[in-house]
Structures are given as C-alpha cells and as structure tokens.
Amino acid sequence: MSETRTHARNRYEVLILTIFRNRYKRGMSDFEFERSELESVAENLGVKLPKNLGDLIYSFRYRSALPAEILATETGGKEWVIEPAGRARYRFKLAKISRIVPRPDLIATKIPDATPEIITAYALSDEQALLAKVRYNRLVDIFLGLTTYSLQNHMRTTVKGLAKSRSTKSTSVSTRTGSNSSFPFRQKVVRTSSPLSRPGRIFRVAKRNTQALAAARYPRNSCETA
Amino acid sequence: MRDGVIAMFELTVQRGEVEVVEERHYRLVPASEISGEDLQLYSSR
C-alpha cells in the first residue's frame, strides 16, 4: 500500500470517527449527520479535507471497514451501516448482519464460453471483465429466463428519501407476454480472502437503492432487482 | 469465486432485511468440456 493511500485512509477514519463520537450516545440504534459536518470537523481538527467528500462516505459503505472504535459499539448481532438520508445527508444505522455470500455447495452449470478472446485479453479490471462475460454469455437472460436488452450502463435519477442521485452499473429492459420490466443490476467481484469484502453490506444497499431508482425512472414498468 | 464461477442472485426485501430469492452459479468453459452426461443432467432439472 502506498504512503499516500495510507495517509488518505487514516484521514478518512479520523473524520468519520469524530462524527460518530459527536453524535452517538450509548443505546442509539441510528442517527443522522450532514455531509457538511465533515467540513467543520476537518477544520476543527486541522485535517486537510478530502477533495471528494462523497468518496469518504462511499469508502465506508463499500470498500473499507469502519474504525475499530465504532465497530466496538455494535451489539445484538447488528452492524453499523451508513445509508443515504436525503440530499447530502446520511444515517448511521445498526442493521442486522446480512452476509449474502455464494453457497459453496451449489452446483455450477457449465456454459459454453462466448467471451471474445480479445475482450479477455484487454479487460482493464476484474469488474470490467466480469461485466463483459455476463453480457457476452447472456447470463442475465439465462438467469431470468427472459430476453433482456442492455439499456444503460449508469442510471442516475432522484429518489425522495435517498441521495440526490445514485447510479447503478447497468440496467436492462425485458419484454415478456407484452409486459415491460426494468432490472437494475449491481455486480461485485468478491475475493473471499479479503477481510474488507463485505458482500452482505454491498448487496443490502444496492438492492434498496436500485429498486427505488428503477421505480422512479421507469414508473410504467414493474421493477425488480437482480 | 472458486474456479472463476459466476454467482447470480435475485434479492428481495422482507421486513426491512435483504433476503435471497434465487441463487445460480455458472462456469464458463470451452464447449468441448460440456459432456453428454452434463447435458443429460441439465435437461432433467
């Protein structure tokens, strides 16, 4: 890990921990805070403010573990998650621990690999390679048993009660017996050896947000999440 | 995932919690690695 990365992570931890300490009282199961509080906390502490405040929040929602002092207050089989609570507003919430991980004993169906070799050779990341494989092999169609069409790689819209705009990685629209449906998707490459892989947390947030986004964007369609 | 397996989930929210509706695993292989036995197994599901 580079020095710069280490420094950034420590700065993120200091800021989120200070906000938590300012707001949390023993026994609380949720509380809200404004994104602007990050600015005032950073100023008070003399910490250089990250250029992208959204990345700080994103980091603790998806990539990094919260500081140990925060984790130590988790009780009753619950864990702290950070949810959007409106425009530039977030909610720390103690939520039931939900670990959605692939079953190790589930049979894997063999599918003839239709991924072009050139795509495999030049994919820039694991996530990009995964998306290409899913698309070229029509795994969404196979999984859903429907004919689906890729509509949009990033869907952005506004949902009351959530942040002003969020995005999903890709969205497909399918037709079946004349009805139309929209399916927001999130993909994640999970390395089982990584202690920071928290797929339960990722899927929890992705599910709630993407379903609301699809419903807001495509009100005439039924909206499911896969 | 193990051996490059791709796991797909259908999720839903019940009582405020995310739950799995369906889970399927797929392994992309050269066509030559799919045997008659495999196809017989798949057609009987």
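Throughout, protein chains are lettered first and strands after them, A, B, ... in sequence-line order, and every chain is numbered starting at 1.
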Check your understanding: If you check every heavy atom in residues 35-44 of chain B against those of chain A, which residues fall under 4.5 Å?
Key -> B/Asp38, B/Leu41, B/Tyr42

**Study point:** Aromatic contact, A/Phe33 with A/Phe20 (centres under 6.0 Å)
**Key:** no

Exercise for review: With a 4.5 angstrom heavy-atom cut-off, could you sort out which part of B/Val20 is near chain A: side chain, backbone, both or neither?
Suggested key: side chain

Revision key, fill the gap. With sequence neighbours left out, the residues meeting salt bridge (charged side-chain N to carboxylate O under 4.0 Å, His left out) with A/Glu34 are A/Arg89

Check your understanding: Are A/Thr115 and A/Thr120 close enough that a side-chain donor and a side-chain acceptor fall under 3.5 Å?
Key -> no

Check your understanding: Would one find more than 12 heavy atoms of other residues, nucleotides or ligands at under 6.0 Å from atom NZ of A/Lys110?
Key -> yes

Review point. Can you name the residues that form a salt bridge (charged side-chain N to carboxylate O under 4.0 Å, His left out) with B/Glu22, not counting sequence neighbours?
Key: B/Arg24

Point to revise | Test salt bridge (charged side-chain N to carboxylate O under 4.0 Å, His left out) applied to A/Asp30 - qualifying residues, sequence neighbours left out | key: none

**Study point:** Pair A/Asp55-A/Tyr12, side-chain donor/acceptor within less than 3.5 Å
**Key:** yes

Review point. Which one of B/Ile34, B/Leu28, B/Val21 has the most heavy-atom pairs closer than 4.5 Å to chain A?
Key: B/Leu28

